[in-house]
Amino acid sequence: MDEQVYDPQALQAKWQPRWEELKPYAASEDPADPRPRKYMLDMFPYPSGDLHMGHGEVFAIADVVARYWFQKGYNVLHPIGWDSFGLPAENAAIKRNAHPAEWTYANIETQANSFKRYGISFDWTRRLHTSDPEYFRWNQWLFNRFFERGLAYRKGGLVNWCPNDQTVLANEQVVQGKCERCGATVVRRELTQWYFKITDYADRLLDDMAQLEGGWPERVLTMQRNWIGRSTGADVRFQVEGRDEPVTVYTTRPDTLFGATFFVVAADAPLAAEICAPEELGALEAYRAEVAKLTDIERLATDKEKTGVFLGVHAINPVNGERIPVWAADYVLADYGHGAIMAVPAHDQRDLDFARKFELPVRVVVHTGMADPGETGIATPGEGTLVNSGPLDGLAKAEAIARIIEILEGHGTGRATVNYRLRDWLLSRQRFWGTPIPIIHCPDCGEVPVPDEQLPVTLPDLRGEALAPRGVSPLASATDWVNVPCPKCAGPAKRDTDTMDTFVDSSWYFLRYVDPTYEDGPFDVERVRKWGPIDQYVGGVEHAVLHLLYSRFFTKVLHDMGMVDFVEPFLRLLNQGQVINEGKAMSKNLGNGVDLGQQIDAYGVDAVRLTMVFAGPPEDDIDWADVSPFASQKFLARAFRVMTEVSSAPGVDPATGDLALRKVTHRTLDEVTRLVESNRFNVAVARMMELTSATRKAIDSGPGAADPAVREAAETLAIMLSLVAPYVAEEGWERLGHQPSVALAGWPAADPALLVLDSVTCVVQVAGKVRDRLEVSPDISDADLEVLALESDKVRPYLSGAPRKVIVRAPKLVNIVP
Ligand code: ANZ
Ligand code: ZN
């Protein structure tokens, strides 16, 4: 290797095997290790081919923090594994007439090698793959525990069906009416499926978010809050003519009960057909056929023309005995609340649109000061005073709600209640490459869990065509596998043939990393107590309500089982942006894809990583057309030369060196420390670049390469650079005379004495007269300067108590109005 020339490929070839030998990033389980622990986690990858640019970004960003923690002296757990069950492997296997495992494990090897080349600070001894029987055995074990607790159950009902992937989907996997994976329009089907009872945890999922405020992006918290959708209101029971049992509606505005002028049932709810007068059944059937074609989003759209049919019956308002007509419509959903509403057109816009379309009466019951909705067509949902409402007249909204609930409860016709948008998590899938659901169906005993000691239930050996989607699970065709004796009565029984949603695998993997070979349970409870919860999680925002909601739910159940002592798994969350090209997401169709491997071949690992980190704030998208890995490479070459040109011996006291350069070094160190801790990695890189230039100048036209301050600058640079560009930092560190790795260097502390810039004189005035002059740092904050001024002995005699006003113009002026 040429002494001075920066050759990234040579550095990679030299250091990758050394790191594999040295294992500088293995987390220690030694109880005598005094270092405090930190757990850094990147969302684990799906093995769909080699690593792509998106991986390049997220792992480079997370690695800055992990490596910083190592340098700061923490015992860091930074593991890696693969989310290796799932549809793409299965589809590839069908195409190639192969087994999904072949494709999956080959891709995992490819990605593992790429990660090693990419120099991420993983602890490779903790690697796991969710498709390994040693892993998914514990999915099954956890399923059994959920089943025992009534948290896993089977029920029939309308479910989301992807006609392309030929499987059911959870609500969370339907995005704007389309399959989250393949984009096909999702249809509704009546099927019996397995569910996790996440709704039991709705309140805790909401309330525990208080612990995440400040640590998670606000928009993710908002998305989860909206997804759970807690609303408080009342159930009100209406008698319907010709039917014994009353019909319950859910309303958030029971105060408007006297303004209900009609009643609406979801057209597709079984109730609609039950209460419909015989002569209107034909019209209802025809209408239902139309409604079945719409997604929920379309149905709820406020700008959609209202449609509906009169059902030929009337409901009786429980508070005033008024008869109101019952309609069926699509804007009421069958599976929210009770699938029926009281319509209050004066105060609800959708009801008003419907009333105007079908000429139904509008009655104002809350006087809001706005114009009459019946005339303007604009409903008035706001605060106001109750009118036309008997016992509620004159009350404000909140009082009226409390009062009407009292009245309804007194008559047994209603009660206060809470509703959620969240539905139970549908977890069964009719696909092959997943965890078999560990249940045996016995004609006599019903659903019998496979006993724990018989786990794992492994997959039958199916491949190629046998995996083709056919609407029922491919596992059903493996009759030898399906037919088993019942674990309870030994009679003939059948295995459940569905597999679990792969989001089950990822709901607890972070707990198993503490010991992926653990055999006495899904994870080592004692070790999790030491490592958990995760200090920093990094991954894409696309998981805002999928993986992140499910993991929170699992953690709470495990907490209730006494297996973890925290209720939130991820204390801090960072969502990185996407890597795009020429303003658009990379895609095969657009032909604008950039290959991570090629970028690395062309510019080297360090330059690619540095480009990712330097491009902008980590949350922002990176447009690869706007960045320059070539410029990054040139900067690294300059930094490398600076590190190699130092000519003093290691260990000299920097105090004898050039003061100006020392100040730059320590200020940079101080700023980079704060910037890294606040996730402003791109600015931290900019500071490293400035230090490189300052050192270059000191060598060329300042005190020269032998000055101890130059060594101090170069060593500090190597350590800081190791967070972003590990190869060049490592080589530089060695050239500076150190062994065995920059990873073990430790993060230096900035000397406070060197952080004070030359001082500035600040004038302190009281009532317009100069009373003191203070010598202060030019970058002092307004708040600090105010304190100094108010504490001055020359100022205090002029103040009696707190001043009326203090005007601070740091660093030059403080003006006090006593
Ligand atoms: C009467 C009323 C008067 C309402 C008023 C609102 C304003 P959230 O906040 O989302 O829970 N609703 C109830 N069940 C429904 C269903 N299955 N499909 C569509 N809409 C339904 O909304 C609750 C409100 O949405 C309820 O309060 C009900 O309309 C409607 F001035 O009842 B309200
Ligand atoms: Zn049995």
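Because only heavy atoms are used, hydrogens play no part in the values below, and waters and symmetry mates are left out as well, while side chains stay in. Sequence positions, counted from 1, serve as the residue numbers for this chain.
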Enquirer: Can you establish whether the number of heavy atoms outside R117 located under 6.0 Å from its atom CZ is more than 12?
Expert: yes

Enquirer: Over all heavy atoms of both residues, which pair between E568 and P533 is shortest? Give the atoms and the distance, please.
Expert: O-CB, 3.4 Å

Enquirer: Count the heavy atoms belonging to other residues, nucleotides or ligands that lie under 6.0 Å from CZ of R219, then report whether that count exceeds 12.
Expert: no

Enquirer: Using 30° and 60° as the class limits, which term best fits the ring planes of F85 and W433: parallel, tilted or perpendicular?
Expert: perpendicular

Enquirer: For W69 together with Y39, are the ring centres under 6.0 Å from each other?
Expert: no

Enquirer: Show the nearest heavy-atom pair for residues V567 and K556, with the distance to one decimal.
Expert: O-NZ, 3.1 Å

Enquirer: Does the ring centre of Y513 sit less than 6.0 Å away from the ring centre of Y509?
Expert: yes

Enquirer: Could you check whether E734 pairs with R18 (Lys NZ or Arg NE/NH1/NH2 to Asp/Glu carboxylate O, under 4.0 Å)?
Expert: yes

Enquirer: Testing the 3.5 Å rule here: is there a donor-acceptor pair between the side chains of D50 and H55?
Expert: no

Enquirer: Stepwise, does the side-chain contact (heavy atoms from CB on, under 4.5 Å) test hold for E712 with V646?
Expert: CA-CA 10 Å; E712 182 182 41; V646 169; over 6 Å; no

Enquirer: Ignoring hydrogens and geometry beyond distance, is a side-chain donor-acceptor pair present between Q633 and Y6 at under 3.5 Å?
Expert: no

Enquirer: Could you tell me which non-hydrogen atom of N144 sits nearest to which non-hydrogen atom of P438, and how far apart they are?
Expert: OD1-CG, 3.7 Å

Enquirer: Name the orientation class of the two ring planes belonging to H738 and W733 (parallel below 30°, tilted from 30 to 60°, perpendicular beyond 60°).
Expert: parallel

Enquirer: Taking only Lys NZ, Arg NE, NH1 and NH2, and the carboxylate oxygens of Asp or Glu, determine whether E731 and R735 approach each other closer than 4.0 Å.
Expert: yes

Enquirer: Can you tell which of F44, W19, F59 makes a ring-ring contact (aromatic ring centres under 6.0 Å, His included) with F115?
Expert: F59

Enquirer: Do R127's NZ or CZ and the ring of W124 fall within the cation-pi criteria of under 6.0 Å and 45°?
Expert: no

Enquirer: Pairing donors with acceptors under 3.5 angstrom, does anything connect the side chains of Q224 and W216?
Expert: no

Enquirer: Name all residues meeting the salt bridge (Lys or Arg N to Asp or Glu O under 4.0 Å) criterion together with D63; count only those two or more places apart in sequence or in a different chain, and write none if there are none.
Expert: R67, R609

Enquirer: Is there a donor-acceptor contact under 3.5 Å linking the side chains of S741 and E730?
Expert: yes

Enquirer: Counting only heavy atoms not in E519, do more than 12 sit closer than 6.0 Å to its CD atom?
Expert: no

Enquirer: Test of understanding: with ring pair (Phe, Tyr, Trp, His ring centres under 6.0 Å), list the residues that count as partners of H547, not counting sequence neighbours.
Expert: Y537, H543

Enquirer: Rounded to the nearest 0.5 Å, what separates atom CG in D7 from atom NZ in K14?
Expert: 11.5 Å

Enquirer: Using the six-membered ring of Y74, assess whether NZ or CZ of K38 lies under 6.0 Å from its centre and within 45 degrees of the ring axis.
Expert: yes

Enquirer: E677 vs R674, test: salt bridge (charged side-chain N to carboxylate O under 4.0 Å, His left out). Steps then yes/no.
Expert: CA-CA 5 Å; E677 287 186 357; R674 279 182 284 124; over 6 Å; no

Enquirer: Spell out, as yes or no, whether a donor-acceptor pair under 3.5 Å connects the side chain of N75 to the backbone of R35.
Expert: no

Enquirer: Give me the atom names and distance for the closest heavy-atom approach of P629 to T611.
Expert: CA-OG1, 3.3 Å

Enquirer: Under 6.0 Å between ring centres: does that hold for Y135 and W508?
Expert: yes

Enquirer: Looking at side-chain heavy atoms only, is the closest gap between L573 and L548 below 4.5 Å?
Expert: yes

Enquirer: Return the CE to CG distance between M223 and L549, rounded to the nearest 0.5 Å.
Expert: 11.0 Å

Enquirer: So how far is it from F554 CZ to L151 CG, rounded to the nearest 0.5 Å?
Expert: 9.5 Å

Enquirer: Looking at side-chain heavy atoms only, is the closest gap between F553 and K197 below 4.5 Å?
Expert: no

Enquirer: Do I120 and D42 have side chains that approach each other closer than 4.5 Å (heavy atoms only, starting at C-beta)?
Expert: no

Enquirer: Apply the test side-chain contact (heavy atoms from CB on, under 4.5 Å) to residues L721 and F640: give CA-CA distance (whole Å), side-chain angles for both, the deciding distance (0.1 Å), then the verdict.
Expert: CA-CA 10 Å; L721 214 48; F640 181 67; over 6 Å; no

Enquirer: If you compare all heavy atoms of R204 against all heavy atoms of R552, which two are closest, and at what distance to 0.1 Å?
Expert: O-NH2, 4.3 Å

Enquirer: Looking only at heavy atoms, which two atoms of L87 and Y46 are closest? And how far apart?
Expert: N-OH, 4.3 Å

Enquirer: Looking at E20, I want to see if its CD is surrounded by more than 12 non-hydrogen atoms of other residues, nucleotides or ligands under 6.0 Å.
Expert: yes

Enquirer: Quick check: do D123 and H78 have side-chain heavy atoms less than 4.5 Å from each other?
Expert: no

Enquirer: With salt bridge (charged side-chain N to carboxylate O under 4.0 Å, His left out) as the criterion, how do D670 and R687 come out once you've worked through the C-alpha distance, each side chain's angles and the decisive distance to 0.1 Å?
Expert: CA-CA 10 Å; D670 180 59; R687 293 287 172 276; over 6 Å; no

Enquirer: Please work out whether the ring planes of W425 and F196 are parallel, tilted or perpendicular, with thresholds of 30° and 60°.
Expert: perpendicular

Enquirer: Under a plain distance cut-off of 3.5 Å, with no hydrogens placed, do T104 and S84 share a side-chain donor-acceptor pair?
Expert: no

Enquirer: Counting only N and O atoms by type, is there a donor-acceptor contact under 3.5 Å from the side chain of E619 to the main-chain atoms of L574?
Expert: no

